[in-house]
Amino acid sequence: MERPFLQSALRELQVFLRSPRFWATFGAVVLIFWVTGPYGTADRLATVPRLGFWLVLHAVAWSIAVTTLVLVNTLLMRRVPSLAGRMALGTLVAGVPVGLATEAISLATFGGAVTVSSLAESIASGLLLSALFCGLTFMTMSSKAVETLSPSPAPATEDRTEVALLRRLKPENRGPILHMTVADHYTEVTTSRGRELILLRFSDALEELGDTPGLQVHRSHFVADSHVEKLLRADGRLTILLKDGREIPVSRSRAEAVRGRWG
């Protein structure tokens with residue numbers, strides 16, 4: 001897998017893990033299963049062991065379901081426009097591993113033999129549990145989580161399919177690229193939606209800009225056309241005033257190209 005794909009998937013997973021609503025929903029579901037004792041657990045397990053059983057089972061099942069959901073969402077974000085549709089597909093994919101995991105936990109707790117019918121029942125139960133998890137997650141997601149799991153609108157001045165650099169940014173920072181600069185071993189990328197440091201060489205970042213209109217004005221600066229306010233000249237030095245108020249130096253070797261483009 002490409003690193004941008006993994007980075008995007010990990011960021012989406014972090015959105016879930018940092019969401020208070022997600023953990024509140026998880027806790028509520030575990031509490032309901034603990035109190036009601038479905039599938040005969042009320043008769044077969046005492047109060048404290050029953051809590052431990054459902055806590056472990058739901059922790060494993062939710063982990064599988066949410067991880068699968070994030071991976072499917074990341075893979076299909078550009079192919080399936082509907083977030084609900086991507087979550088439904090994630091539910092189907094997660095059903096088998098969730099069912100097998102819950103079957104393994106049940107066997108470890110209560111014993112018994114594995115049969116074809118028991119595996120089929122477990123997979124069917126896994127689909128139901130996965131649908132429950134994904135449905136509850138979808139209903140309780142914050143607006144930030146929905147935005148993160150949804151593709152950002154393609155900028156009018158850029159072909160998003162060619163701007164590979166955007167895939168390295170957090171979803172909330174993906175937008176038209178305005179400026180890039182070197183920051184130690186990192187590259188600082190400024191877009192219309194925010195600013196972010198990424199662990200990438202500046203030369204490699206330039207190669208991933210695609211058709212973003214602009215110029216490399218210095219060995220450590222790239223400026224997009226849309227972010228130039230005006231050119232400044234002082235003491236024989238040429239600089240660029242950006243629309244956010246910052247002033248960027250222009251190297252002598254690139255001064256002619258800068259004046260020809262923005263002068």
Side-chain angles (χ1 to χ4, degrees), residues 1-15 73-75 77-79 81 144 147-263:
M1 293 186 183
E2 299 178 359
R3 288 183 62 189
F5 166 80
L6 293 176
Q7 291 173 349
S8 179
L10 287 173
R11 288 183 182 123
E12 292 179 10
L13 188 58
Q14 288 174 355
V15 170
N73 182 74
T74 305
L75 283 171
M77 187 173 289
R78 296 299 171 190
R79 296 180 178 87
K144 180 180 179 181
E147 179 183 359
T148 299
L149 291 173
S150 303
S152 303
T157 58
E158 297 181 5
D159 184 352
R160 287 292 302 274
T161 61
E162 296 184 4
V163 186
L165 184 63
L166 292 177
R167 297 175 61 191
R168 298 182 182 273
L169 304 180
K170 296 177 181 177
E172 60 267 27
N173 289 335
R174 295 173 188 170
I177 294 174
L178 305 177
H179 174 246
M180 294 195 316
T181 186
V182 175
D184 294 327
H185 299 294
Y186 293 80
T187 296
E188 182 185 84
V189 182
T190 301
T191 72
S192 61
R193 303 180 68 185
R195 189 178 301 171
E196 183 176 342
L197 282 174
I198 57 175
L199 184 57
L200 184 70
R201 293 185 304 177
F202 187 68
S203 58
D204 293 334
L206 290 172
E207 292 179 359
E208 296 188 5
L209 280 175
D211 295 331
T212 303
L215 282 178
Q216 181 181 1
V217 301
H218 188 274
R219 66 181 180 180
S220 58
H221 289 280
F222 169 87
V223 177
D225 291 346
S226 60
H227 202 40
V228 175
E229 181 66 30
K230 63 180 179 180
L231 300 183
L232 301 176
R233 297 174 180 82
D235 300 327
R237 293 173 57 251
L238 181 64
T239 59
I240 301 171
L241 180 64
L242 303 183
K243 289 186 177 180
D244 61 10
R246 288 183 292 169
E247 194 171 323
I248 303 301
V250 177
S251 63
R252 292 185 179 181
S253 62
R254 294 177 171 86
E256 184 177 349
V258 168
R259 284 193 292 264
R261 191 177 188 101
W262 298 316

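Sequential numbering from 1 along the given sequence is applied to the chain's residues.
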Student: Before accepting this row, confirm whether a basic side-chain N of the pair Arg195/Asp244 lies closer than 4.0 Å to the acidic partner's carboxylate O.
Tutor: yes
Student: Can you find a side-chain donor-acceptor pair between Glu247 and Thr239 that sits under 3.5 Å?
Tutor: yes
Student: Can you tell me how far CD1 of Ile198 sits from NZ of Lys170, rounded to the nearest 0.5 angstrom?
Tutor: 12.0 Å
Student: Using ring-ring contact (aromatic ring centres under 6.0 Å, His included) as the criterion, list what pairs up with His218, not counting sequence neighbours.
Tutor: His221
Student: Pairs in or reaching into residues 222-243: which pass salt bridge (charged side-chain N to carboxylate O under 4.0 Å, His left out), with residues at least two apart or in two chains?
Tutor: Asp225-Arg261
Student: Considering all heavy atoms of both residues, which atom of Leu209 and which atom of Val163 are nearest to each other, and what is their separation?
Tutor: O-CG2, 3.7 Å
Student: Mind running side chain to side chain contact (heavy atoms under 4.5 Å, CB included) on Ile240 and Leu232 for me, showing each step along the way?
Tutor: CA-CA 6 Å; Ile240 301 171; Leu232 301 176; over 6 Å; no
Student: Can you tell me how far the CD1 atom of Ile248 sits from the NE2 atom of His179, to the nearest 0.5 Å?
Tutor: 3.5 Å
Student: Find the distance between CG (Leu178) and CZ (Phe222) and round it off to the nearest 0.5 Å.
Tutor: 9.5 Å
Student: Mind checking whether Thr191 and Arg174 have side chains closer than 4.5 Å, heavy atoms only?
Tutor: no
Student: Can you tell me how far the CD1 atom of Ile177 sits from the OG1 atom of Thr212, to the nearest 0.5 Å?
Tutor: 4.5 Å
Student: Considering only residues two or more places apart or on different chains, which pairs with a residue in residues 212-222 satisfy salt bridge (charged side-chain N to carboxylate O under 4.0 Å, His left out)?
Tutor: none
Student: Nearest 0.5 Å please: distance from the OG1 atom of Thr181 over to the OH atom of Tyr186.
Tutor: 15.5 Å
Student: A side-chain contact here means heavy atoms from C-beta on lying under 4.5 Å apart; do Leu200 and Leu165 qualify?
Tutor: yes
Student: Please assess Arg167 against Glu208 for the test salt bridge (charged side-chain N to carboxylate O under 4.0 Å, His left out), listing each intermediate value before the final yes or no.
Tutor: CA-CA 10 Å; Arg167 297 175 61 191; Glu208 296 188 5; over 6 Å; no
Student: How many angstroms lie between atom CG of Leu197 and atom CG of Leu169, to the nearest 0.5 angstrom?
Tutor: 10.5 Å
Student: Can a donor-acceptor pair be found, under 3.5 Å and without considering hydrogens, that links the side chain of Glu196 to the backbone of Glu188?
Tutor: no
Student: With side chain to side chain contact (heavy atoms under 4.5 Å, CB included) as the test, would you mind laying out the steps for Leu215 and Val223 before giving the verdict?
Tutor: CA-CA 6 Å; Leu215 282 178; Val223 177; over 6 Å; no
Student: For Thr187 and Val182, indicate whether the former's side chain and the latter's backbone hold a donor-acceptor pair under 3.5 Å.
Tutor: no
